[in-house]
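Shown next, in structure tokens, is the structure this report addresses.
None of the values given here were measured: they were computed from a predicted structure. Just follow the structure's listing: the first ligand is 1, and inside any ligand the first atom is 1.
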Amino acid sequence: MTKFIFVTGGVVSGIGKGISGASIGRLLKDRGLKVFMQKFDPYINVDPGTMSPYQHGEVFVTKDGAETDLDLGHYERFIDEELTKVASITTGKVYSKVIEKERRGDYNGSTVQVIPHITDEIKQSVYKAAKQSGADVVITEIGGTVGDIESLPFLEAIRQIHSENKTEDVLFVHTVLIPTIPGSDELKTKPTQHSFKALMSYGIKADIFITRADGEITDAIKEKISLFCDVPKEAIIESKTVDLIYEVPLVFHKQGLDDYILERFNLKAKSDSDKSWYKMVEEFKKADKKINIGLVGKYIELHDAYISVNQALYDAGYTNRAKVKIHWLDSEQINDENVSEVLKDMDGIIMPGGFGSRGVEGMIATSKYARENNVPFLGICYGMQMVAIDICRNKLGLKGANSTEIDPDTPYPIVDLLDNQRPNTNIGGTLRLGNYECTVEKDTLAYRLYKEDKVLERHRHRYEFNNNFRGQIRSAGVVFSGINEDLDVVEIMELKDNDFFIACQFHPEFKSRPNKIHPLFDGLIKASLKKNNKQ
Ligand code: GLN
């Protein structure tokens, strides 16, 4: 029997609903339960894959190739489980499915409506998540804030799930902000009371409140919420602002949240929590070194566009007792003239993924600088493609070498579509997505890092390194240390004469976890610390 937790947001957005859900997941996993997490996004896009990073931040990719909301990255990092397609449901996906069924005649002549057809489809996704994962608890976060028009069918669906299951099998968690009035330090619970009422008007009664506030949530505040919102005081959890997001589960645990949930669910679990998460956080706090990592990319104004990369860097730093200072550097502002000035204080450089032609010249200049100055460097996806272009242009003298994504008429298409990818029609969901195997060549940096010869890595790109240039680029000192043998495409390249210069076609950031750092990130941080020590 699976239990269900639904996390809704009230008052304002951006108060850490995703982290709250993920923290509950961690707590329950630490009590020995199997947890699966899921996110509902009320927008009409089928997935965020076609959205600009400025609209949406990072697109997180699951092992089975779903392009999803960045909250799934938090979920995976917190609960340390690989999620799947069913973990990411959007209005677009639900409607597409219902319309497909209608066209097929599956509804037997009935009028197709939001209730029951759309809500049934939403409910099915929750039950499917439970069935596929075999989890003891499925935690579903409903995107947006209560009161948004778009989220109504999702709220109605979870209300129905509550009514068709036993009361002890479903819990509603509501995250709220308790603001202070400028000029006075008084915390105000009225917005919480209103949000509670708004939820009630949809037939949903919050069981647990997770509160965010500038100040301490006193007993008096809890009593007020308890009185007006009809919950016991133990069900009001304070989500303090913490230094490390990974502390949030511990903050909740201290207030007895896992015990409270287990009691409400009437669930038997280990009485003692697994302490490894707690120990990890304690270790992270001991970081006493500092390193500077330059992140050269094109969506720099919005740090969320690289959230998994940022997190993988911080986590890899902490694991090596170092606080990483990320310098987000706009590749559009970098050129051959200023590159050494911009990057001179960096202990290491990372160049993450991207799409389109803006800012690529600065990325190519960055690759050249890191390569020629032996600065530890990790290129990811577009980053690897830029490395290949840099080497062809600047070491092999292939003038105008480029990716056909940027210059379709380049005389040297170093990065190109595979023959079977042409002609290219729809842009949604047609990239190379999800897990592909990479065979790691022995006696290479990649092998020293992975210590394995077969690894699975997640992908999200359309273009590939053009195999016709393998010979030439090898003669320039490049080692192809990772290959996908089925497709015969390059997955990892590295420079044999540099201390640490490696680039990959996949996204290692999606597999890095605070308690299981990805080897490429660990390698970059170790190499950067070594460089920093030498100075
Ligand atoms: N734009 C490149 C491609 O489609 C790289 C994509 C990426 O960096 N995620 O192949």
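- In terms of protein heavy-atom proximity, atom 5 (C) of ligand 1 is closest to Gly354 O, 3.3 Å.
- Considering both main-chain and side-chain atoms, Leu431 never comes within under 3.5 Å of ligand 1 through any nitrogen or oxygen pair.
- Although no hydrogens or angles enter the test, the distance criterion places no donor-acceptor pair under 3.5 Å between the side chain of Asp488 and the main chain of Glu485.
- The distance from ligand 1 to the heavy atoms of Gly353 drops below 4.0 Å at these ligand atoms: 8 (O).
- Between the side chain of Lys17 and the backbone N or O of Gly9 there is no donor-acceptor pair closer than 3.5 Å.
- Not one N or O of Gln505 is nearer than 3.5 Å to an N or O of ligand 1, by distance alone.
- By the 4.5 Å heavy-atom criterion applied to side chains, Tyr314 and Asn310 are counted as neighbours.
- The distance from ligand 1 to the heavy atoms of His507 drops below 4.0 Å at these ligand atoms: 9 (N).
- For ligand 1, the atoms sitting less than 4.0 Å from at least one non-hydrogen atom of Cys381 are 5 (C), 6 (C), 7 (C), 8 (O), 9 (N), numbered in the order shown with element in parentheses.
- For atom 3 (C) of ligand 1, the nearest non-hydrogen atom of the protein is Arg462 N, 3.4 Å.
- The protein atom (non-hydrogen) at minimum distance from atom 10 (O) of ligand 1 is Tyr463 N, 2.8 Å.
- At a heavy-atom distance under 4.0 Å, only side-chain atoms of Gln385, from C-beta outward, approach ligand 1.
- Given atom 1 (N) of ligand 1, the protein heavy atom at minimum distance is Glu405 OE1, 2.7 Å.
- Residue contacts with ligand 1 for Arg460 involve N, CA, C or O but no side-chain atom from C-beta outward (heavy atoms, distance under 4.0 Å).
- Judged by distance alone, the side chain of Gln55 and the main-chain N or O of Ser52 form no donor-acceptor pair under 3.5 Å.
- Annotation: side chain of Ile349 is not in contact with side chain of Ile293 (no heavy-atom distance under 4.5 Å).
- Using cut-offs of 30° and 60° on the angle between ring planes, the pair Tyr43 and His56 is perpendicular.
- Within a 6.0 Å sphere centred on CG of Leu456, heavy atoms belonging to other residues, nucleotides or ligands number more than 12.
- Side-chain atoms of Asn338 come within 3.5 Å of backbone N or O of Gln333 as a donor-acceptor pair.
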